[in-house]
Amino acid sequence: MKQLYGVIGDPISHSMSPAMHNSAFSDLGIDAYYHPFHVSPEHLKDAVKGLKALNIQGFNVTVPHKTSIIPLLDEIDPLASAIGAVNTVVKKDGKLIGYNTDGLGFVSALLHEMGNLIHPECNILIVGAGGAARAIFYTLLSKGWTRVDICNRTVQRAEVLIGECPIVGKSKPLTLQEAQSTLNDYDLIIQTTSIGMSPRTSEIPIDLENLKPNSVVCDIIYNPLKTELLKNASIKGAKTQNGIGMFIYQGALAFELWTGIKPDTEKMKKVVLQQLGGTTC
Ligand code: ATR
């Protein structure tokens, strides 16, 4: 019988996950279907109960449910629990188990695209201290990076994020101004805020005047594919990476958790770029 997968969120109509996962199921000959479910916050509890009753095999969780779903699940993986957010749910032995593949998705994309430039001693700066920053920060520390600072408009949020991480590194919270003036200390800069995302594409979260020319600058935004920040970084001679890779790999890791099979990430990327072309033209 055809197996059911999906994604829950509010809004959900622009999600590129259904096209990406349905294409992977079809390419691998897996008899499964992935559906976008529009679930508003007041219906989350009933929706999770309903999906379990309908024997869904797995689903993704997106804004605004990544944190509020935690008490509704049967088990939470330790990394997702530390991050305090779930983006992937797996049904196993009748139980719903929550995982977080966002941070691992970012790190996998980084190693895939920039592996030759990234090493364990890299000095890393994360810009922003929201949910995406938390997933990336905790995952970087869990993978052995220790020199990871966080700058944020509200520096107290960066302080809390570092203080709550179960792994202790050598991290400092910084104001945006402090980070801007010490930017040449960093080999890798990871932009995690929504600043620069369509339609406000002219905005930039941090001034790159002091950027090291041979550094790597990543932006988790993929719409537009090249944010103003990445354009400025390229002008300064840095290597750049947009958010497509993180999106693809968080999906590929979820797919693997559900099926035990690694999907073709290049094919997934093609499907996503086609979707983006369709939505941005
Ligand atoms: P998410 O969960 O998607 O990461 P979030 O928790 O709302 O989203 O966090 C958004 C991040 O973008 C925060 O770091 C936020 O800074 P504050 O903590 O100071 O709010 C940052 N951000 C959003 N708008 C910003 C702006 N106009 N200038 C600077 N930082 C901004």
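Residue numbers count from 1 along this sequence. In each ligand, atom 1 is the first atom listed, and ligand 1 is the first ligand listed.
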Query raised in the report: Any idea how Trp258 and Tyr34 line up, ring-wise: parallel (<30°), tilted (30 to 60°), or perpendicular (>60°)?
Result: tilted
Query raised in the report: Any luck finding a side-chain donor-acceptor pair between Asp102 and Asn87 under 3.5 Å?
Result: yes
Query raised in the report: Under a 4.5 Å cut-off applied to non-hydrogen side-chain atoms, are Phe25 and Gln3 in contact?
Result: no
Query raised in the report: Taking the side chain as C-beta and beyond, is there a heavy-atom pair between Phe106 and Ile190 under 4.5 Å?
Result: yes
Query raised in the report: Under 6.0 Å between the ring centres of Tyr5 and His21?
Result: no
Query raised in the report: Sub-3.5 Å donor-acceptor pair from the side chain of Ser181 to the main-chain atoms of Glu178, do we have one?
Result: yes
Check ligand 1 against the protein and report each N/O to N/O distance under 3.5 Å, formatted as atom name, atom name, distance.
residue: ligand 1; atom: 2 (O); partner: Gly131; partner atom: N; Å: 3.0
residue: ligand 1; atom: 4 (O); partner: Gly131; partner atom: N; Å: 3.1
residue: ligand 1; atom: 4 (O); partner: Ala132; partner atom: N; Å: 3.2
residue: ligand 1; atom: 6 (O); partner: Arg157; partner atom: NH2; Å: 3.3
residue: ligand 1; atom: 14 (O); partner: Ala129; partner atom: N; Å: 2.8
residue: ligand 1; atom: 14 (O); partner: Asn152; partner atom: OD1; Å: 2.6
residue: ligand 1; atom: 16 (O); partner: Asn152; partner atom: OD1; Å: 3.3
residue: ligand 1; atom: 18 (O); partner: Asn152; partner atom: ND2; Å: 2.8
residue: ligand 1; atom: 18 (O); partner: Arg157; partner atom: NH1; Å: 2.8
residue: ligand 1; atom: 19 (O); partner: Arg153; partner atom: NE; Å: 3.0
residue: ligand 1; atom: 19 (O); partner: Thr154; partner atom: N; Å: 3.1
residue: ligand 1; atom: 19 (O); partner: Thr154; partner atom: OG1; Å: 2.4
residue: ligand 1; atom: 20 (O); partner: Arg153; partner atom: NH2; Å: 2.8
residue: ligand 1; atom: 27 (N); partner: Arg153; partner atom: NH1; Å: 3.4

